[in-house]
Asker: 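Please see the structure below; I have some questions.
Reminder, nothing fancy here: chain letters follow the sequence lines and each chain counts from 1. These values consider heavy atoms only, across backbone and side chains, with no hydrogens, waters or symmetry-generated copies.
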Amino acid sequence: MNTSNGQVRVRFAPSPTGFFHIGGARTALFNWLYARHCGGTFVLRIEDTDKKRDSEEALRVLIDGMKWLGLDWDEGPEVGGPHEPYFQSKRSEIYAEYLQQLRDCGRAYDRDGAVWFRVSGSMSQIDDKIRGKVQRLEEKDFVIVRSDGQPVFHFVNVVDDIAMGISHVIRGEDHLSNSSKHVELFLAFGRQPPTFAHIPLILKTNGPGKMSKRDSGALIEDYAGRNYLPEAVRNYLCLLGWSPKDDREILPIEEIIALFDLPGINKNNARFDEKKLAHINGEYLRRMAFDDFYSRAIPLLRNAGLVDDSSDGAYVRSVLGICQEKLRELAELEHFCAYFFRDDYQRDATAEGKIISSGNSLASVGEFLAALWELGDRWDVESLEQFTQKLAATNGRKTGDYIHSIRFAVSGQSVGPGFYAMVAVIGKDRTVKRLENFLRQYSAGNP
RNA sequence: GUCCCGUUCGUCUAGUCGGUCCAGGACACCGGAUUUUCAUUCCGGCAACAGGGGUUCGAAUCCCCUACGGGACGCCA
């Protein structure tokens, strides 16, 4: 069934539409994984036969998305290859040649200004690596060249797969019904069809139908824009329709490549779950080496105007050091740590309500502040912890009484990095100033 | 409507030859723990073999039917 030399050659053949859909990305990913697993060749071919909607920018989105996900191609745009060009819009002569072949053997004819393909009338057998044997009868002749001279998808797709020596066609299940057309074409050209593998579709999180570009989370470029980690998105995509068959979910791409195979792919469609993606992103964030986290975080902090060239590098590093383990998305970082860098940070209204209604926040902040002299010059996690526990014991309070009030007084939040680490990093002067501010602002008569 | 594909917790899935599955893991949700909070960490809980017929000593696993879901039926790709 494969090509003569037994080499695995797969392709991703997107149409540049202006966005990189998550379903297409998953198809590209599975092709890439299979090629890498087999030591085969991954071809990127641009199916830009629909002149109305193709453009440079649209191609850019696609290529950037592929690169962002780390899906490198062996042949195609930018890298070239032995079957150039890799744009269907530039392959007209090849299509003309193949069309002539069909005319010569009486399988192509003209009607209404278009060129039609004459079906055989016999049942097509599709031997699918994921679905097994599928039979389908293609009943009606179909157009292969439009009356404006533009060749149609089914035709160019098959011609290019032949011309480029594609051995395995891995694509979405929405193409399964088209496969009978394609098989007819391969046979009409006197070729064995390639091995097919139709992968399940990605459905909307809720409601009927497959993911569409309007659904939240549907576009790869959005994840890049939101600073998701590409490794995390890629890992999640691998899990939609495939699994390593043990209880692992997060695994390095090398391992996925080693384990990936066509028969291991599920048959049924999968619903997209943005929460699980976010969870996996958080896992990746936490497992990252600190230096990697740091270099990803810095541009965001600069953009937000929280740090600049005059910032204290050691301070920035300690802030990021205590924030890394708490984040799910890098996009949260600005809000998560703004109060480390500026004094006019926002106060969370819900947190404020809780603190004020607890009734003891003024007293506990006051006690804390009044006893701080005991610490002397010591301002580290351990000292702060011992100090707070001792203070709680002395005053018959729970340490939580101090922690909640002081966290809010110092950060305006009810959540954040570990409490003692946070206070330690913020520093004594700043902490004292903020606690005094808090007392002034919230003391009786001025709530 | 016709044809094709599918159906395990709310969701993603494990479940190679039918028995060790009164069905395992993860997300989400709920509840605890760390005399220290939280979006981290750790423990625990909830929750599924679509339904009906077969085959078999025995079926989530095989067969049939029904239901439901998805897809394709374009001079879109």
Asker: For residues 321-332 of chain A, pull every pair meeting side-chain hydrogen bond (donor to acceptor under 3.5 Å, both in side chains), keeping only residues two or more places apart or in separate chains.
Answerer: A:Tyr228-A:Glu329
Asker: Regarding A:Lys398, tell me which of base, sugar-phosphate or nothing describes its non-hydrogen contacts under 4.0 Å with the strands shown.
Answerer: nothing
Asker: Expressed in whole Å, how much space separates the P atoms belonging to B:rA39 and B:rC29?
Answerer: 10 Å
Asker: What integer number of Å spans the C1' atoms of B:rA67 and B:rA50?
Answerer: 8 Å
Asker: Listed by chain and number, what are the side chain to side chain donor-acceptor pair (under 3.5 Å) partners of A:Tyr86, not counting sequence neighbours?
Answerer: A:Glu75
Asker: Remember a base hit wins even if backbone is also touched, and classify A:His175 as base, sugar-phosphate or nothing at under 4.0 Å, heavy atoms.
Answerer: base
Asker: Determine the interplanar angle of the A:Phe272 and A:Tyr236 rings, folded into 0 to 90°, and report it as parallel if under 30°, tilted if 30 to 60°, perpendicular if over 60°.
Answerer: perpendicular
Asker: Could you measure between the two P atoms, the one in B:rC30 and the one in B:rC22, and give it in whole Å?
Answerer: 31 Å
Asker: Test: salt bridge (Lys or Arg N to Asp or Glu O under 4.0 Å). Region: residues 270-279 of chain A. Which pairs qualify, not counting sequence neighbours?
Answerer: A:Arg226-A:Glu274, A:Glu249-A:Lys276
Asker: Take A:His175 and A:Asn178, measure what side chain to side chain donor-acceptor pair (under 3.5 Å) needs, and give me the verdict at the end.
Answerer: CA-CA 5 Å; A:His175 285 296; A:Asn178 289 330; 3.2 Å; yes
Asker: Would you mind classifying the nucleic acid contact of A:Pro208 as base, sugar-phosphate or nothing, using non-hydrogen atoms under 4.0 angstrom?
Answerer: sugar-phosphate
Asker: With rounding to whole Å, what would you report as the distance between B:rG1 and B:rU13 at their C1' atoms?
Answerer: 35 Å
Asker: Let's test this: given Watson-Crick or G-U wobble pairing with both distances under 3.5 Å, identify the partner of B:rC68.
Answerer: B:rG6
Asker: Listing time: all N or O pairs from protein to nucleotides 16-24 of chain B that are below 3.5 Å?
Answerer:
none

Asker: Quick check: any donor-acceptor pair below 3.5 Å linking the side-chain of A:Lys276 to the base of B:rA28?
Answerer: no
Asker: Give every donor-acceptor pair under 3.5 Å between a side-chain atom in residues 260-270 of chain A and any protein atom, sequence neighbours left out.
Answerer:
from     : atom 1 : to       : atom 2 : distance (Å)
A:Asn269 : OD1    : A:Leu201 : N      : 2.9

Asker: Detail all sub-3.5 Å separations between protein N/O atoms and N/O atoms belonging to nucleotides 37-44 of chain B.
Answerer:
from   : atom 1 : to       : atom 2 : distance (Å)
B:rU37 : O2'    : A:His404 : ND1    : 3.0
B:rU37 : O2'    : A:His404 : NE2    : 3.3
B:rU37 : O2     : A:Arg407 : NE     : 2.9
B:rU37 : O2     : A:Arg407 : NH2    : 2.6
B:rU37 : N3     : A:Arg407 : NH2    : 2.6
B:rU37 : O4     : A:Phe419 : N      : 2.7
B:rC38 : O2     : A:Lys326 : NZ     : 2.8
B:rC38 : O2     : A:Gly416 : O      : 2.5
B:rC38 : N3     : A:Lys326 : NZ     : 2.5
B:rA39 : O2'    : A:Lys326 : O      : 3.2
B:rU40 : O2'    : A:Glu325 : O      : 3.4
B:rU41 : OP1    : A:Arg286 : NH1    : 3.4

Asker: Between protein and nucleotides 73-75 of chain B, what N or O pairs are separated by less than 3.5 Å?
Answerer:
from   : atom 1 : to       : atom 2 : distance (Å)
B:rC75 : O2     : A:Ser147 : N      : 2.7
B:rC75 : O2     : A:Ser147 : OG     : 2.7
B:rC75 : N3     : A:Ser147 : OG     : 3.1
B:rC75 : N4     : A:Asp112 : O      : 2.9

Asker: Between B:rC9 and B:rA48, how far is it from one P atom to the other, in whole Å?
Answerer: 9 Å
Asker: Side-chain N or O of A:Ser177 versus OP1/OP2 of B:rG71: is the shortest distance under 4.0 Å?
Answerer: no
Asker: Checking A:Asn437 now: which residues fulfil side chain to side chain donor-acceptor pair (under 3.5 Å) with it, not counting sequence neighbours?
Answerer: A:Arg440
Asker: Heavy atoms only, 4.0 Å cut-off, all strands: where does A:Gln135 land among base, sugar-phosphate and nothing?
Answerer: sugar-phosphate
Asker: When rounded to the nearest Å, what value does the distance between C1' atoms of B:rA47 and B:rU40 take?
Answerer: 26 Å
Asker: Please state whether the phosphate of B:rU8, meaning OP1 or OP2, lies under 4.0 angstrom from any side-chain nitrogen or oxygen of A:Asn268.
Answerer: yes
Asker: Assign B:rC17 to syn or anti; the rule is syn for a glycosidic angle within 90° of 0 and anti otherwise.
Answerer: syn
Asker: With sequence neighbours excluded, what pairs up with A:Tyr284 under the side chain to side chain donor-acceptor pair (under 3.5 Å) test?
Answerer: A:Asn235
Asker: Could I get the full list of ring pair (Phe, Tyr, Trp, His ring centres under 6.0 Å) partners for A:Phe387, not counting sequence neighbours?
Answerer: A:Phe368
Asker: For B:rG44 and B:rU8, measure between their P atoms and round to the nearest Å.
Answerer: 27 Å
Asker: If the cut-off is 4.0 Å, is A:Lys245 near the phosphate of B:rA14, judged by side-chain N/O to OP1 or OP2?
Answerer: yes
Asker: Please enumerate all residues that pass side chain to side chain contact (heavy atoms under 4.5 Å, CB included) together with A:Ser318, with sequence neighbours excluded.
Answerer: A:Val425
Asker: What are the atom names and distances for every N/O pair under 3.5 Å that joins the protein to nucleotides 61-66 of chain B?
Answerer:
none

